[in-house]
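A quick note: this is a predicted structure, and the numbers were derived from the prediction, not measured.
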Amino acid sequence: MTLSIAIAGAAGRMGRALIRAACADPRFSVAGGTERSEGQFLGADLGALAGISPLFMMTTEVADHAAENAQVWIDFTTPAATLDALAALKNTSTRAAIVGTTGFSAAEEAQLAEHAKRIAIVRSGNFSLGVNLLAALVEQAAQKLGPGWDIEITEAHHRRKVDAPSGTALLLGEAAAKGRNAPLKDLRLAPYDGVTGERPEGQIGFSVIRGGGIVGEHDVRFIAEREIVTLSHHAMDRAVFADGALAAALWVADKPPGLYSMRDVLGL
């Protein structure tokens, strides 16, 4: 049997990558996709959007129409759009979702957790296998090296990305904070700007680069007085995120309601 998926933001870069990846894998079928009501690709054929043969299935602005025959919803859009779509899924038989959207506020995080009481959600700032392995290594390094080593996380993305630091950078920051047995909110440094004073020991700094068409680059530096350890990941093709999201969809399709991570999917 194939797993039927519906894709939010089907005309976006991730939406198109997801359609291509799903149509190339016999384990999946594409059941529908959404596009913004003001978007120029509303009503466009999903296959044509992805640069493959027509699927004779058009984008719609209504999430529950797109997900009418889907088992899993996949969403890499915006926090407000994602939450609206999850609410609309109540009108469908869809019982699982993949959420790669980043930039949620604390209140929006709480809403996401409420939806996870009804459906199974895999939520991650990054669906790459390499990034999730990196997060596990960052946690171990933070635990072993201790607070005497400063931690600086640098991330770079394309000029069109609207949130900063990236969801992946925050995922890595959470891993580092976990290694130091503290929540990230207690260890996160404010951005360096002006006269900041001496760097506090044991805290975690973030630096952001935006430009061109960078897919995604993340470096985590552990810096001591006499040596530096750098752990890094560079994404060369957006397809790695689509592949990871589809792997997560296969894993979560039969799971009970709850909020899961890629670590759960990969058994890390």
(message) Taking the side chain as everything from C-beta on, heavy atoms only, tell me whether Trp149 gets closer than 4.5 Å to Val229.
(response) yes

(request) Give the minimum heavy-atom separation between Leu42 and Arg36, together with the two atoms involved. (result) CB-O, 4.0 Å

(message) For Phe206, does the six-membered ring have the charged nitrogen or CZ of Arg188 within the cation-pi criterion, i.e. under 6.0 angstrom from the centroid and within 45° of the normal?
(response) yes

(request) Please say whether more than 12 non-hydrogen atoms of neighbouring residues, nucleotides or ligands are located less than 6.0 Å from CD in Glu225. (result) no

(request) Dump the intermediate steps for side-chain contact (heavy atoms from CB on, under 4.5 Å) on Leu46 and Phe56, then the final yes or no. (result) CA-CA 7 Å; Leu46 294 175; Phe56 304 103; over 6 Å; no

(request) Applying side-chain contact (heavy atoms from CB on, under 4.5 Å), run through Arg27 and Leu3 and close with a yes or a no. (result) CA-CA 6 Å; Arg27 296 175 296 175; Leu3 183 71; over 6 Å; no

(request) For the pair Tyr192 and Arg199, evaluate side-chain contact (heavy atoms from CB on, under 4.5 Å) and give the outcome as yes or no after the intermediate values. (result) CA-CA 10 Å; Tyr192 303 115; Arg199 189 191 198 283; 3.3 Å; yes

(message) Atom CZ of residue position Arg159 - does it have more than 12 heavy atoms of other residues, nucleotides or ligands inside 6.0 Å?
(response) no

(message) Less than 6.0 angstrom separating the ring centers of Phe76 and Phe241, yes or no?
(response) no

(request) Run the numbers on Arg210 and Glu155 for salt bridge (charged side-chain N to carboxylate O under 4.0 Å, His left out), then give the verdict. (result) CA-CA 9 Å; Arg210 292 287 177 267; Glu155 59 100 335; 2.7 Å; yes

(request) Please name the pair of heavy atoms, one in Leu189 and one in Pro200, separated by the smallest distance, quoted to 0.1 Å. (result) CD2-CD, 3.6 Å

(request) Give me the one residue out of Leu266, Leu134, Val265 that meets side-chain contact (heavy atoms from CB on, under 4.5 Å) with Leu129. (result) Leu266

(request) Measure across Ser166 and His218 and return the closest heavy-atom pair with its distance rounded to 0.1 Å. (result) OG-NE2, 2.9 Å

(request) Could you pull out the closest heavy-atom pair between Leu246 and Ala22, with the gap in Å? (result) CD1-N, 3.7 Å

